Amino acid sequence: MSLYLDVAVNLLGSSLEPDLVSVITEAEAEGVSPLLVIGSTLDESEAAIQTCALYPGKLYCTAGVHPHHANQWNIQSENRLRQLTQAPQVVAVGEAGLDYNRDFSPRADQRRAFEAQLALAAELGKPVLLHQRDAHSDFIAILSQYRSALPGALLHCFTGNRAELQDCLALDLHLGITGWICDERRGQELAELVKDIPANRLLLETDSPYLLPRSMRPKPKSGKNLPKYLPYIAAEVARLRGESETELAANCYRNSLAFFNLEAGHA
């Protein structure tokens with residue numbers, strides 16, 4: 001059985017949280033372990049650390065402030081985030097970035113929180129897990145100022161066009177691919193581009209419980225995406241890239257371990 005690391009799971013504060021144990025065990029049964037739990041606020045990041053401590057080797061997490069919550073970033077936030085990142089369960093700073101699609105926080109607040117988290121990650125030598133939606137130009141401009149000081153940068157749930165892909169690769173970003181690629185309506189451009197992502201830059205994720213692959217048959221009754229479905233996404237990515245599923249899975253697993261500085265067998 002192939003091994004997978006799901007690099008983006010919204011385990012806390014979502015519909016997955018009540019079924020946390022079964023989410024983890026069912027994923028592990030499909031070779032999907034460990035899972036990376038996303039921290040989208042500082043409180044959620046702290047809760048993620050506590051949850052990960054209960055499942056050593058099966059859960060790791062990020063710590064950071066999502067652009068939706070950037071208006072919560074204040075003078076105390078940097079010190080608190082610095083403390084949170086000291087926990088061994090925290091393997092990246094984030095989810096940080098810009099979201100001009102929803103604008104749940106003012107754009108100036110988003111840029112300020114994004115820049116502060118990049119600066120802190122650079123100071124700490126931590127990789128970053130990034131979010132970008134409808135904000136490509138500002139995202140690239142800000143990230144460019146810090147990229148050389150960061151050990152790694154992952155743009156999760158990449159759904160961009162060819163020009164955006166080229167910009168991301170020019171900054172040596174890793175790219176997370178989700179079930180978006182299985183959507184015959186919205187995912188067609190990504191399906192064309194995925195073969196052009198360098199093998200050493202490619203990671204896999206569910207972004208569960210969101211983005212259930214539309215092409216799944218039978219469609220899960222719950223309508224929820226789950227980490228255990230990651231092999232389905234991997235199979236579609238492998239098909240589009242003209243690779244075997246085994247080869248694709250092994251490559252993405254290696255990439256994930258290397259990016260988050262984890263060891264095979266000790267993840």
Side-chain angles (χ1 to χ4, degrees), residues 3-14 16-21 23-25 27-28 32-70 72-97 113-131 146 149-157 174 176 203 205-209 227 253 255-267:
L3 298 176
Y4 304 87
L5 198 165
D6 190 343
V7 303
V9 180
N10 299 284
L11 191 59
L12 303 183
S14 77
L16 298 185
E17 190 169 358
D19 304 314
L20 185 146
V21 175
V23 168
I24 296 168
T25 55
E28 192 172 18
V32 184
S33 181
L35 311 178
L36 186 63
V37 181
I38 299 299
S40 57
T41 68
L42 295 181
D43 286 344
E44 187 177 87
S45 299
E46 186 170 347
I49 291 168
Q50 295 167 355
T51 302
C52 291
L54 300 174
Y55 300 92
K58 297 184 180 183
L59 297 180
Y60 293 91
C61 67
T62 68
V65 176
H66 190 287
H68 289 346
H69 307 287
Q72 298 175 15
W73 187 269
N74 57 43
I75 196 167
Q76 287 86 31
S77 298
E78 183 176 327
N79 283 334
R80 187 176 176 201
L81 180 55
R82 182 181 280 104
Q83 292 172 345
L84 291 173
T85 59
Q86 302 311 303
Q89 296 86 0
V90 176
V91 294
V93 171
E95 176 178 356
F114 182 32
E115 202 159 345
Q117 290 177 88
L118 290 174
L120 181 60
E123 174 195 323
L124 298 173
K126 286 272 191 186
V128 289
L129 187 140
L130 304 171
H131 173 104
Y146 296 91
L150 295 166
L154 164 61
L155 177 54
H156 106 93
C157 192
H174 284 70
L203 301 178
E205 56 172 298
T206 58
D207 202 18
S208 52
Y253 184 67
N255 291 345
S256 301
L257 293 176
F259 184 88
F260 294 110
N261 198 27
L262 300 170
E263 295 181 26
H266 299 284

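One is the number of the first residue; the rest follow in order along the sequence. Quick caveat: nothing in here was measured; it's all calculated off a predicted structure.
In this structure, the separation between CG on L59 and CG on L54 is 8.5 Å, given to the nearest 0.5 Å. For the atom pair CG of L20 and CG of L11, the computed distance is 4.5 Å after rounding to the nearest 0.5 Å. Considering CG of L12 and CD of E46, their distance stands at 12.0 Å, rounded to 0.5 Å. Here CG of L154 is found 4.5 Å from CG of L129. Values are rounded to the nearest 0.5 Å. With rounding to the nearest 0.5 Å, the separation of OH in Y55 from CD in Q89 is 13.5 Å. One finds the CZ atom of F260 at 11.0 Å from the SG atom of C61 (value rounded to the nearest 0.5 Å).
Remark: the backbone N or O of A119 is not paired with any side-chain donor or acceptor of E123 at under 3.5 angstrom.
When side chains are defined from C-beta on, S45 does not count as touching T62, because their heavy atoms never get closer than 4.5 Å. Put simply, the side chain of P67 reaches to within 4.5 Å of the side chain of H131, judged on heavy atoms. P127 places none of its side-chain heavy atoms less than 4.5 Å from the side chain of V91. Annotation: side chain of L124 is in contact with side chain of Q86 (closest heavy-atom distance under 4.5 Å).
Here the shortest heavy-atom pairing between A27 and L35 reads CB-CD2, 4.2 Å. Closest non-hydrogen pair, W73 versus V65, comes out as CE3-CG2, 3.7 Å. Summarising the geometry of E28 relative to S33, their closest heavy-atom pair is CG-CB, 4.1 Å, with the distance given to 0.1 Å. Residues L81 and A63 share a closest heavy-atom pair of CD1-O, 3.4 Å. Contact record, L36 with V7: CD2-O, 3.2 Å, taken as the closest heavy-atom pair.
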With side chain to side chain contact (heavy atoms under 4.5 Å, CB included) as the test, would you mind laying out the steps for E205 and C157 before giving the verdict? CA-CA 8 Å; E205 56 172 298; C157 192; 4.3 Å; yes
Pair L203, H156 - check side chain to side chain contact (heavy atoms under 4.5 Å, CB included), show working. CA-CA 9 Å; L203 301 178; H156 106 93; over 6 Å; no
Please assess T206 against V32 for the test side chain to side chain contact (heavy atoms under 4.5 Å, CB included), listing each intermediate value before the final yes or no. CA-CA 11 Å; T206 58; V32 184; over 6 Å; no
If you apply the rule side chain to side chain contact (heavy atoms under 4.5 Å, CB included), what do you find for L16 with N10, and how did you get there? CA-CA 8 Å; L16 298 185; N10 299 284; 5.6 Å; no
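A side chain to side chain donor-acceptor pair (under 3.5 Å) with E78 is found for one member of R80, Q76, R82 and no other, namely R82.
With sequence neighbours excluded, the residues forming a ring pair (Phe, Tyr, Trp, His ring centres under 6.0 Å) with F259 are H174, listed by chain and number. For Q117, the side-chain hydrogen bond (donor to acceptor under 3.5 Å, both in side chains) test picks out no residue, with sequence neighbours left out. With sequence neighbours left out, H68 forms a ring pair (Phe, Tyr, Trp, His ring centres under 6.0 Å) with H66, F104.
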